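Have a look at the structure below before the remarks.
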Protein chains: 2
Amino acid sequence: MKDKKQSDEECLQDMRHIQDTLYVISGKWKLPIIMSINNGNNRFREIARSIPKITLRMLSKELKELEMNKLIVRTVSDGSSILITYELTAYSKTLAPLIEEMKNWGKNHKAVITERAAV
Amino acid sequence: MKDKKQSDEECLQDMRHIQDTLYVISGKWKLPIIMSINNGNNRFREIARSIPKITLRMLSKELKELEMNKLIVRTVSDGSSILITYELTAYSKTLAPLIEEMKNWGKNHKAVITERAAV
DNA sequence: CGGTATCCCCCCGGATACTG
DNA sequence: CAGTATCCGGGGGGATACCG
């Protein structure tokens, strides 16, 4: 978002891109799931335990969508017992700056809102 | 999101911040509205016209929420006729890096998904 | 111009139970 | 462990009509 005014056409393009991004990360759980996997949780139950309040149903659904968007990979390895692991793709790493930015903004916003509530 | 693994506690904090941010910018229209105003549209109908497919109802609803979150200001100025303008707050500018990031990511993602569809 | 009021549908997301 | 099945409420969001 530049301060310089852009053409309406450019602005429309940008809106579309933003809506595309919003669509991919929308929902309460997708980003938390990515963060959890990034933090070393690779098994279904492990991820479930690491995210407060998420239900198995939602985790299952969201994992599928993330896989469709090429952000994670589901692997079934057949050792002594069957083992299923979820891993982030290299592509998912491109979300890192975005996540970082959202993390910081949320932290600050919490402060802003809390201050308002106090007044 | 660092590559270095962080403590689970830190990770939980981050998830909460992210969810706070998601909550504020969630919905199809909030960011497009901010972009539209940023691009010089300050009147209700002007904004409405600048955003494809948005309905008056949604614009009205979202403007209120944005105002509650201190991202825009609604001003009623009483000249020869009543004039209502919407402006971005200084605070809303803190979203700029996030928006920029989402714009770029969406642009690239579109390409990634399209490529997949071709295969 | 600057919105509200209704109606309505869809689907997100929670609860709970169950399967292999 | 790794999920799926079913049920269900709430609300996001579209269409349309209307108001001052």
Side-chain angles (χ1 to χ4, degrees), chain A residues 15-16 18-37 40-69 71-88, chain B residues 15-16 18-37 40-69 71-88:
Chain A
M15 284 181 193
R16 274 178 233 125
I18 297 250
Q19 288 182 323
D20 289 343
T21 302
L22 270 171
Y23 187 77
V24 174
I25 67 175
S26 69
K28 286 172 72 173
W29 305 114
K30 296 208 185 64
L31 293 183
I33 289 169
I34 289 179
M35 296 178 67
S36 172
I37 298 179
N41 302 299
N42 298 100
R43 318 289 304 277
F44 188 86
R45 295 280 169 175
E46 225 175 21
I47 300 171
R49 253 179 283 115
S50 74
I51 304 177
K53 310 264 188 187
I54 198 171
T55 60
L56 298 184
R57 180 180 123 79
M58 286 316 293
L59 180 53
S60 175
K61 269 190 54 179
E62 301 285 59
L63 282 171
K64 273 176 194 157
E65 282 190 48
L66 289 171
E67 202 183 351
M68 283 177 37
N69 276 310
L71 295 174
I72 64 173
V73 176
R74 180 179 187 272
T75 311
V76 183
S77 59
D78 209 339
S80 59
S81 69
I82 291 178
L83 185 66
I84 294 177
T85 51
Y86 292 94
E87 286 161 299
L88 297 184
Chain B
M15 284 182 194
R16 272 178 234 125
I18 297 248
Q19 288 182 325
D20 289 344
T21 301
L22 270 171
Y23 187 77
V24 174
I25 67 174
S26 70
K28 286 171 72 173
W29 306 114
K30 297 209 185 64
L31 293 184
I33 290 170
I34 288 178
M35 295 177 69
S36 171
I37 299 179
N41 302 299
N42 298 99
R43 317 290 302 280
F44 187 86
R45 295 278 169 175
E46 227 175 18
I47 299 170
R49 254 178 284 116
S50 74
I51 305 177
K53 311 264 187 184
I54 197 171
T55 60
L56 299 183
R57 182 180 122 79
M58 287 314 295
L59 179 54
S60 176
K61 268 189 55 179
E62 302 287 59
L63 282 171
K64 273 176 194 155
E65 282 190 49
L66 290 171
E67 202 183 352
M68 282 176 40
N69 277 310
L71 295 175
I72 63 173
V73 176
R74 181 179 186 272
T75 312
V76 183
S77 60
D78 210 335
S80 59
S81 68
I82 292 174
L83 184 67
I84 295 177
T85 53
Y86 292 94
E87 286 161 300
L88 297 183

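Everything numeric here is computed off the predicted structure, so don't read it as measured data. The chains referred to below are lettered A, B, ... by the order of the sequence lines, with proteins before strands, and numbering in each begins at 1. Values below: every heavy atom of this structure, side chains too, minus hydrogens, waters and symmetry copies.
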Which part of the nucleic acid does A/Leu56 contact within heavy-atom distance under 4.0 Å: base, sugar-phosphate only, or nothing? base
Output yes when at least one side-chain N/O atom of B/Arg45 is less than 4.0 Å from OP1 or OP2 of C/dC1, else no. yes
To the nearest angstrom, the CD1-P distance between B/Ile72 and C/dG2 comes to 13 Å
Please tell me if A/Arg74 has a side-chain N or O lying less than 4.0 Å from either OP1 or OP2 of D/dG3. yes
Any A/Tyr86 side-chain heavy atom under 4.5 Å of A/Asn41 side chain: no
Whole-Å distance separating the CG atom of A/Leu66 from the P atom of D/dG3: 13 Å
If you measure from CE on A/Met15 to NZ on B/Lys28, what distance do you get to the nearest 0.5 Å? 13.5 Å
Would you mind reading off the distance between A/Leu59 atom CG and D/dT4 atom P, rounded to a whole angstrom? 10 Å
Any side-chain N or O of A/Tyr23 less than 4.0 Å from the OP1 or OP2 oxygen of C/dC12? no
Between D/dG12 (C1') and B/Lys64 (NZ): distance, integer Å: 16 Å
What is the distance, to the nearest angstrom, from the CG atom on B/Leu22 to the P atom on C/dG13? 10 Å
B/S/- contact track for nucleotides 5-11 of chain C, protein heavy atom under 4.0 Å: -B-----
Quick one: does B/Gln19's side chain get under 4.5 Å of A/Leu31's, heavy atoms only? no
Passes side chain to side chain donor-acceptor pair (under 3.5 Å), A/Asn42 versus A/Thr85? Steps please. CA-CA 5 Å; A/Asn42 298 100; A/Thr85 51; over 6 Å; no
Integer-rounded Å distance: C/dC12 P and A/Met58 CE: 8 Å
Whole-Å gap separating P (C/dG3) and CG (B/Asn42): 13 Å
Any donor-acceptor N/O pair under 3.5 Å between C/dG2 base and B/Arg43 side chain: no
Quick check on D/dC1: is either OP1 or OP2 less than 4.0 Å from any side-chain nitrogen or oxygen of A/Tyr86? no
From B/Ile51 CD1 over to B/Met35 CE, what is the distance, rounded to the nearest 0.5 angstrom? 9.5 Å
Identify, between A/Thr55 and B/Arg49, the residue whose nearest nucleotide on DNA chain C lies closer to the 5' end. B/Arg49
Short question: side chain of A/Lys61, backbone of A/Arg57 - any donor-acceptor pair under 3.5 Å? no
With a 4.5 Å heavy-atom cut-off, do B/Val24 and B/Leu71 have their side chains touching? yes
Between D/dT4 and A/Ser60, is there an OP1 or OP2 to side-chain N/O distance shorter than 4.0 Å? yes
Would you mind reading off the distance between A/Phe44 atom CZ and D/dT4 atom P, rounded to a whole angstrom? 7 Å
From the list D/dG13, D/dC1, C/dG13, which nucleotide is the closest neighbour of the side chain of B/Lys28? D/dG13
